[in-house]
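Everything quoted here is computed from the prediction, not taken from an experiment.
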Amino acid sequence: AALSRSCYSHRMAESSSAKLKSGAATESKLPLSPAPNPRLCEVALPVPLPQTFTYSIPPTMTVEPGMRVVAPFGARRLVGVVVGRGQMPAGLNPKAIRPLQRVIDEVPALTAEFIALARWVADYYLTPLGEVLPALLPRAASLRNKTKLLITEAGREALEPGGSGKKLIATSSERQLLERIAKRGGLSSETLRGSAALVEKLRRRGWLAIERSVEDSTARSASAVAPPILTTTFHKGNVPRWELSPPQQTALTRINDQMETGEFGVLLLHGVTGSGKTEVYMRAIELALARGRSALMLVPEINLTPAMAGQFAARFGERIAVLHSGLDDRDRERVWQRVRAGQVGMSDVLIGTRSAVFAPLQRPGLIIVDEEHDGSYKQEEAPRYSGRDVAIVRAKESGATVVLGSATPSVETRYHAETGKYQLLELEGRVQERPLPQTEIIDMRQEFAETGKQTFLSRRMVEAISMRLQQHEQVMILMNRRGFSSFVICRSCGKTVECANCSIALTHHKRAARLLCHYCGYARPVPQVCPECQSEHIYFMGEGSEKVEAALIKHFPEARIGRLDRDTARARGSAESILASFHGHELDILVGTQMIAKGHDIHGVTLVGVISADMGLARPDFRSAEKTFQLLTQVSGRAGRGEREGIVVIQTYYPDHYAIKAAAAHDYAQFYKQEQRFRQLMHYPPFAALANVIVKSDSQEAVLKLTGRLGRFFESLQEDKQKGRGWRVLGPAAAPIPKLKKAYRYHFLIKAEQRSLLRKVLMAAQNFALREKFPANALIIDVDPQSLF
Ligand code: ADP
Ligand code: ZN
Ligand code: ZN
């Protein structure tokens with residue numbers, strides 16, 4: 001029902017001064033407050049403030065929750081979403097409430113179910129609701145503010161020569177600007193950005209007026225020529241329908257039993273690499289569809305697993321819809337609308353990357369999260385949510401079954417399976433009794449001692465590769481860093497060449513002839529002399545995938561060698577085509593970063609080589625061992641998936657590290673046991689609720705001050721007998737990357753015994769920052785952080 005068609009005729013003069021007078025700030029409230037005022041509504045706006053805003057509804061307007069609206073906010077107009085009925089905020093002058101300007105949607109873009117989901121995300125991750133909602137809409141609903149500057153009558157007079165005695169006369173630069181604007185009949189403020197100060201002066205003098213309008217980019221793109229309907233961009237392979245192995249059948253039966261209840265439940269499908277998880281997913285989806293429910297499958301990166309997407313397309317045809325980051329706005333909108341239409345037999349199986357968890361799929365009965373441990377499920381910018389965890393919440397709301405699948409479950413997930421929160425399904429062997437590959441560990445310290453040479457290709461690695469090549473088998477080589485040399489150092493002054501914006505050594509990219517920052521994209525030409533001291537003694541140190549590729553070309557001139565990393569995969573479709581060539585055995589060796597470790601099922605691969613297993617271990621991050629174990633296990637799992645057995649060769653300087661040893665032995669249980677003990681002792685997840693609180697500023701002095709104040713606030717909380725119990729704070733410390741994208745960064749880690757306690761502390765910190773007028777965006781709260789960079 002319409003929220004209101006009120007006869008509220010109170011019109012407000014537009015106040016362009018104080019920012020927060022725009023709407024009226026209220027604490028976020030449930031949509032159905034005890035005494036809702038039909039003339040008011042609650043609007044979430046994309047501003048970094050933890051509240052929603054109250055607006056009045058003009059009499060001519062019909063507004064329902066879930067509709068996008070244009071609302072005045074200070075001098076700006078913002079696109080927000082109506083999230084509920086409004087209430088007169090206590091103690092607020094009714095006159096401070098401003099009317100909505102426009103309604104964008106005729107039908108609500110979001111249903112109550114999704115508003116509730118967004119509220120959960122905002123609440124759990126302590127992110128403004130208005131910053132969460134865009135993720136739930138088919139595209140960023142960005143209506144652009146357009147401001148046009150017009151010359152006023154007084155402005156024209158000022159241009160007149162002479163004029164009367166008292167009148168101000170324009171100076172020549174003022175005159176020039178006024179004339180330019182007059183001639184064009186007005187100019188956009190964007191065009192005049194270069195003369196902003198002058199414009200402001202003339203505006204205050206009354207010679208220029210601002211005309212504001214909102215340009216609807218939505219309307220523009222919708223009217224553009226429609227592309228052919230997209231079902232899937234992936235070619236459909238010929239896919240056999242396997243007779244399930246007994247363990248696969250058992251797992252499927254358990255999933256089916258859960259779906260049969262029609263109630264929410266989570267199952268962990270823990271199956272070693274090559275155990276046939278994909279077939280189980282497809283059968284489970286068939287069973288969900290047979291019950292008249294839809295299915296959602298989240299995957300880490302679709303373009304890196306085109307073969308898998310192809311299998312689904314072949315099995316489900318029209319029923320498959322695909323959502324991933326490579327789609328443009330229009331295609332995304334199309335998929336969105338088809339999914340939302342909720343037709344049985346059409347787009348009722350949705351495959352997508354993390355944001356697909358917010359797609360308006362109707363009646364989901366099954367939600368699969370493939371490779372549930374994958375770091376890409378966590379969004380590392382606001383809203384900082386985990387697609388996996390939101391999937392579970394969504395399933396809970398719709399009575400769906402969740403299947404979390406992985407060969408290397410995160411410690412948290414495995415822990416929940418051990419303690420009975422999730423059901424545990426295990427596939428302990430590969431299909432058709434294929435063995436897991438034998439693994440050799442090469443101690444690179446010994447290699448150096450024996451050869452006296454600093455090399456990154458051990459003798460054993462070279463030998464193993466040439467043997468496979470002789471037998472016309474395929475090889476994958478993991479080098480988990482892109483570029484040629486990892487840094488440039490000066491032997492005279494000892495300095496490395498760093499990024500201008502970050503405290504990060506630049507990586508040398510030889511083919512591009514550039515030094516690049518992998519964090520912000522900053523690039524500079526390759527220096528001939530040290531930029532600090534002008535010495536010629538600069539050296540390129542360390543290696544990346546580009547250098548490994550070059551070395552392999554030199555060692556094996558006959559071999560056909562390809563490389564897959566962010567550099568070679570940049571162009572659209574190129575990752576798919578590199579993988580397709582490797583699939584078709586048009587390449588003998590594929591070198592690459594973690595991109596090559598994803599679920600590829602390429603039967604010709606009999607050797608996987610790992611150049612440096614240690615890279616991730618040095619990180620000051622409690623997940624570094626886990627990430628290393630997962631990467632090594634996943635990449636090893638690419639070997640020996642066909643008829644012939646495979647082997648894995650891992651080079652390392654830490655052959656005794658438990659993550660490396662356990663990965664080499666395919667021993668998840670061993671790794672889990674060690675890792676769990678460490679987490680328990682150190683109070684890390686799953687034994688504590690964790691948040692990373694980052695303070696940042698472009699000014700080093702400001703960041704120190706803000707960090708100090710927040711630190712003292714945490715201290716005062718800790719000292720309180722009541723409030724200080726059950727949680728602790730670590731820090732402040734400089735963040736692992738102390739300067740990132742021009743901002744200086746410090747951080748605190750908050751560990752709490754209970755989630756509710758963590759929330760209390762974080763909310764207190766957020767309120768403190770608001771009260772103390774920290775600059776917007778100075779405080780970043782990352783709940784359940786994946787990495788602490
Ligand atoms: P995982 O995702 O567990 O690593 P996949 O799902 O990629 O494993 O399966 C590995 C291979 O086994 C694939 O080539 C798949 O087609 C095949 N496969 C799956 N189930 C069976 C089965 N029951 N019998 C024989 N082969 C199977
Ligand atoms: Zn120098
Ligand atoms: Zn940088």
Side-chain angles (χ1 to χ4, degrees), residues 301 303-304 444 453-458 461-462 465-466 469 474-489 496-499 502 504-528 538-582 586-598 600 605 607-616 618 631 635 638 649-653:
E301 276 162 285
N303 62 334
L304 290 179
M444 291 304 276
K453 275 192 286 193
Q454 198 69 50
T455 171
F456 56 88
L457 279 181
S458 63
M461 186 71 86
V462 172
I465 296 173
S466 54
L469 291 177
Q474 289 177 285
V475 176
M476 284 176 128
I477 300 289
L478 175 75
M479 175 67 215
N480 199 19
R481 184 195 291 118
R482 64 196 171 99
F484 196 82
S485 306
S486 40
F487 57 99
V488 183
I489 190 164
T496 56
V497 182
E498 282 206 352
C499 175
C502 315
I504 287 288
L506 294 175
T507 306
H508 177 214
H509 289 246
K510 198 170 182 182
R511 199 165 301 172
R514 281 270 183 284
L515 300 189
L516 277 189
C517 173
H518 288 183
Y519 285 86
C520 75
Y522 170 83
R524 55 161 292 164
V526 182
Q528 303 300 314
I538 54 169
Y539 286 85
F540 295 79
M541 308 272 287
E543 52 275 338
S545 51
E546 206 185 334
K547 192 191 269 184
V548 171
E549 180 195 23
L552 290 171
I553 290 172
K554 222 169 110 198
H555 270 284
F556 308 104
E558 317 280 77
R560 297 162 300 173
I561 300 175
R563 169 158 62 93
L564 182 61
D565 56 25
R566 281 240 312 273
D567 294 328
T568 63
R570 182 147 297 141
R572 213 181 176 176
S574 61
E576 288 95 323
S577 82
I578 294 167
L579 283 165
S581 320
F582 193 57
E586 289 152 37
L587 293 172
D588 302 303
I589 305 179
L590 183 64
V591 186
T593 54
Q594 43 82 28
M595 285 183 169
I596 67 164
K598 308 279 164 173
H600 313 297
V605 178
L607 169 66
V608 165
V610 178
I611 296 301
S612 165
D614 312 331
M615 236 141 53
L631 178 61
V635 77
R638 302 313 112 207
V649 176
I650 296 176
Q651 299 183 166
T652 175
Y653 285 92

After noting the C-alpha distance and the side-chain angles of Leu631 and Leu478, does the key distance pass the side chain to side chain contact (heavy atoms under 4.5 Å, CB included) rule?
-> CA-CA 10 Å; Leu631 178 61; Leu478 175 75; 4.0 Å; yes
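Distance check: Gln474 CD to Leu607 CG gives 11.5 Å after rounding to the nearest 0.5 Å. For the atom pair CD1 (Ile578) and CD1 (Ile596), the distance works out to 11.5 Å, reported to the nearest 0.5 Å. Residue Asn480 holds its CG atom at 10.0 Å from CG of Asp565, rounded to the nearest 0.5 Å. Put simply, CG on Leu587 and OG on Ser581 are 5.0 Å apart, with the number rounded to the nearest 0.5 Å. Atom CD of residue Gln594 and atom CG of residue Leu564 lie 9.0 Å apart, to the nearest 0.5 angstrom. In this structure, CG on Leu590 lies 12.5 Å from CZ on Arg560, to the nearest 0.5 angstrom.
Taking both residues in full, the closest heavy atoms of Ala559 and Ile589 are given as CB-CD1, 4.2 Å, listed atom of the first, atom of the second, then distance. Across all non-hydrogen atoms, the minimal contact from Phe582 to Asp588 is CE1-O, 3.8 Å. Minimum heavy-atom separation, Leu506 to Cys517: CD2-N, 3.5 Å. Of all the heavy atoms in Val591 and Ser545, the pair that sits closest is CG1-O, 4.0 Å. Closest approach of Val462 and Phe556 over heavy atoms only: O-CZ, 3.6 Å. Across all non-hydrogen atoms, the minimal contact from Ile611 to Ile477 is CG1-CG2, 3.6 Å.
Looking only at distances, no side-chain donor or acceptor of Arg563 sits under 3.5 Å from a matching main-chain atom of Thr568. Panel note: side chain Ser486, backbone Met541; a donor-acceptor pair is recorded below 3.5 Å.
Qualifying side chain to side chain contact (heavy atoms under 4.5 Å, CB included) partners for Ala551, counting only residues two or more places apart in sequence or in other chains: Phe456, Leu457. Judged as a side-chain hydrogen bond (donor to acceptor under 3.5 Å, both in side chains), and not counting sequence neighbours, Glu546 has no contacts. Contacts of Phe487 classified as ring-ring contact (aromatic ring centres under 6.0 Å, His included), with partners at least two apart in sequence or in another chain: none. Residues forming a salt bridge (charged side-chain N to carboxylate O under 4.0 Å, His left out) with Lys547 (at least two apart in sequence, or on another chain): none. With sequence neighbours left out, Arg514 forms a salt bridge (charged side-chain N to carboxylate O under 4.0 Å, His left out) with no residue at all. Not counting sequence neighbours, Thr507 has no partner by the side-chain hydrogen bond (donor to acceptor under 3.5 Å, both in side chains) test. In this structure Ala613 satisfies the side chain to side chain contact (heavy atoms under 4.5 Å, CB included) test together with Val610, Leu632, Ile650, Thr652, Ile660, sequence neighbours excluded. By the side-chain hydrogen bond (donor to acceptor under 3.5 Å, both in side chains) test, Gln454 pairs with Tyr653, sequence neighbours left out. Residues passing the salt bridge (charged side-chain N to carboxylate O under 4.0 Å, His left out) test with Glu543: none are found, sequence neighbours excluded. Under the rule for a side-chain hydrogen bond (donor to acceptor under 3.5 Å, both in side chains), the partners of Ser458 that lie at least two apart in sequence or sit in another chain are Gln651.
Contact annotation: the side chain of Leu552 approaches that of Ile465 to within less than 4.5 Å [non-hydrogen atoms, C-beta and beyond]. Within the 4.5 Å cutoff, the side chain of Met461 has no heavy atoms near those of the His555 side chain.
Listed by first and then second residue, the salt bridge (Lys or Arg N to Asp or Glu O under 4.0 Å) pairs involving residues 566-575 are Arg482-Asp567, Asp567-Arg570 (not counting sequence neighbours). Legend: side chain to side chain donor-acceptor pair (under 3.5 Å) pairs involving residues 516-528, not counting sequence neighbours, sorted by first then second residue: His509-His518.
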